[in-house]
Q: 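Before anything else, here's the structure in question.
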Amino acid sequence: MGALDGRVAIITGSGRGIGREHALLFAQEGAKGVINDLGGAIDGSGDDRTPAQQVVDEIKAMGGEAVANADNVADWEGGQRLIQAAIEAFGDLHILVNNAGILRDRVLVNMTEDEWDAVIHVHLKGHFAPTRWAAAYWREQTKAGKDVKASVINTSSTSGLLGNPGQTNYGAAKAGIAAFTIIAAKELKRYGVRVNAIGPGARTRMTEPLGFGGEVKEGSFDWAAPENVSPLVCWLGSTEAVGVTGQVFEVIGGKIGVLEGWTRNQEASQKDRWVAADLGPVVTGLLEGANKPEPLFRRG
């Protein structure tokens, strides 16, 4: 018995990298899957349907069930067709993993409007559109009396939650995904839908040019391997994770952590309006007692 036996999953951006590892592990754990990928370059350009079909072929070779899909997840109708593809192929939908994304890194002073718009569009709308149509499906099932146990797993990033220079577009989108996750979890709980997010760290075609992960010594644990991320995503998609929702997890190597967003930390108050000239020592004192910023990555 696999952790995902009898469950139907959609995994976006699953032709390569982390998404591919999700797809293969989901199949090993018994899920039927829709493998969605446009097959573009890391900047979003191009259109190659081969990667998605190759993953489907791998899944079928191991005895699993999967279909390829090349809809654009950031397109309103594309998101709807993607959800319908799972229902038509397998009769239901239980898990949506939003993983598709692109990079167009540039320091803010040199960033173009297109570089900003493209990244925000693919990441933020690419999470919103499929989730919106999946949520509508699950709401109708709930209204029809079905006991829905569904799960959405979004892909955020410490680049947005902790900050990384040269990625204002990517970081803003990924921080937005974390906020989207927390709010959607509150809204969809009534329909039996859990919504969580991960902030993964792994060696992929997006991070390899940065030297992420370095060289791996023979026989040692490859802490930067993308397959290290997938077990948590698999568990979050399982019925065992019922009750876990509205959370953002960092996962890298053998480490899993809970990431907290904007929280009230130190506070100063008085029963009157502040005077600007008096605020220097007040703000300094607050900052001295506040939590210090976390490093962008900590190895597993």
Side-chain angles (χ1 to χ4, degrees), residues 98 101-128 131-132 152-189 194-201 206-207 210-212 232 243-253 255-300:
N98 289 309
I102 65 171
L103 280 180
R104 294 194 183 180
D105 291 353
R106 189 89 63 185
V107 293
L108 178 60
V109 71
N110 291 330
M111 187 171 290
T112 67
E113 182 180 16
D114 181 64
E115 287 167 341
W116 175 272
D117 288 347
V119 171
I120 297 296
H121 181 71
V122 172
H123 286 276
L124 270 180
K125 192 171 181 182
H127 274 63
F128 161 67
T131 306
R132 190 274 184 199
V152 177
I153 302 102
N154 295 323
T155 307
S156 183
S157 173
T158 51
S159 293
L161 302 176
L162 303 178
N164 191 35
Q167 292 188 314
T168 52
N169 51 3
Y170 181 80
K174 289 302 191 181
I177 288 168
F180 173 83
T181 296
I182 293 166
I183 298 167
K186 294 178 179 180
E187 292 187 3
L188 300 182
K189 184 177 180 179
R194 296 175 291 107
V195 187
N196 294 286
I198 61 165
M206 288 187 175
T207 61
L210 306 175
F212 186 89
L232 175 61
V244 179
T245 192
Q247 302 297 323
V248 181
F249 299 93
E250 181 182 23
V251 53
I252 177 171
K255 178 174 69 68
I256 296 172
V258 178
L259 291 171
E260 296 180 348
W262 296 105
T263 58
R264 295 181 182 90
N265 196 303
Q266 302 297 305
E267 184 179 275
S269 64
Q270 63 179 29
K271 295 182 178 180
D272 202 353
R273 178 180 176 181
W274 289 100
V275 176
D278 297 338
L279 285 175
V282 175
V283 175
T284 300
L286 291 176
L287 293 176
E288 287 177 350
N291 294 331
K292 299 302 182 285
E294 292 284 342
L296 183 61
F297 287 120
R298 291 186 297 185
R299 286 178 53 168

Q: Are Thr158 and Leu259 side-chain neighbours, meaning at least one heavy-atom pair lies under 4.5 Å?
A: yes
Q: Do the non-hydrogen side-chain atoms of Arg104 and Thr112 ever get within less than 4.5 Å of each other?
A: no
Q: I'd like to check Ser156 versus Leu161 (side-chain heavy atoms, cut-off strictly below 4.5 Å). Are they in contact?
A: yes
Q: Which heavy atom of Ile102 sits nearest to which heavy atom of Ala118, and what is that distance?
A: CD1-O, 3.8 Å
Q: Give the C-alpha distance, both sets of side-chain angles, the deciding distance and a yes or no for side chain to side chain contact (heavy atoms under 4.5 Å, CB included) between Ile177 and His123.
A: CA-CA 8 Å; Ile177 288 168; His123 286 276; 4.1 Å; yes
Q: Taking all non-hydrogen atoms of both residues, which atom of Phe180 and which atom of Phe128 are closest, and how far apart?
A: CZ-CA, 3.9 Å
Q: Would you confirm whether Thr245, through its side chain, and Val195, through its main-chain N or O, come within 3.5 Å as a donor-acceptor pair?
A: yes
Q: If I compare all heavy atoms of Glu115 with all of Asn169, which pair ends up nearest, and what's the gap?
A: O-ND2, 3.1 Å
Q: For Asn98, is there any backbone N or O sitting under 3.5 Å from a side-chain donor or acceptor partner on Thr155?
A: yes
Q: Which atoms form the tightest heavy-atom contact between Pro281 and Asp278, and what is the distance?
A: CD-O, 3.6 Å
Q: Do you know which of Asn164, Asp105, Leu103 makes side chain to side chain contact (heavy atoms under 4.5 Å, CB included) with Ser159?
A: Asn164
Q: Could you report the tightest heavy-atom contact between Gly160 and Ala175, atom names first, then the distance?
A: O-CB, 4.0 Å
Q: Of all heavy-atom pairs between Ala197 and Thr181, which one has the smallest distance, and what is that distance?
A: CB-OG1, 3.5 Å
Q: Under a 3.5 Å distance rule, please check whether Asn196 uses its side chain to pair with a backbone N or O of Val244 as donor and acceptor.
A: yes
Q: Test your reading of the model: is there a side-chain donor-acceptor pair from Asn291 to the backbone of Asn265, 3.5 Å cut-off?
A: no
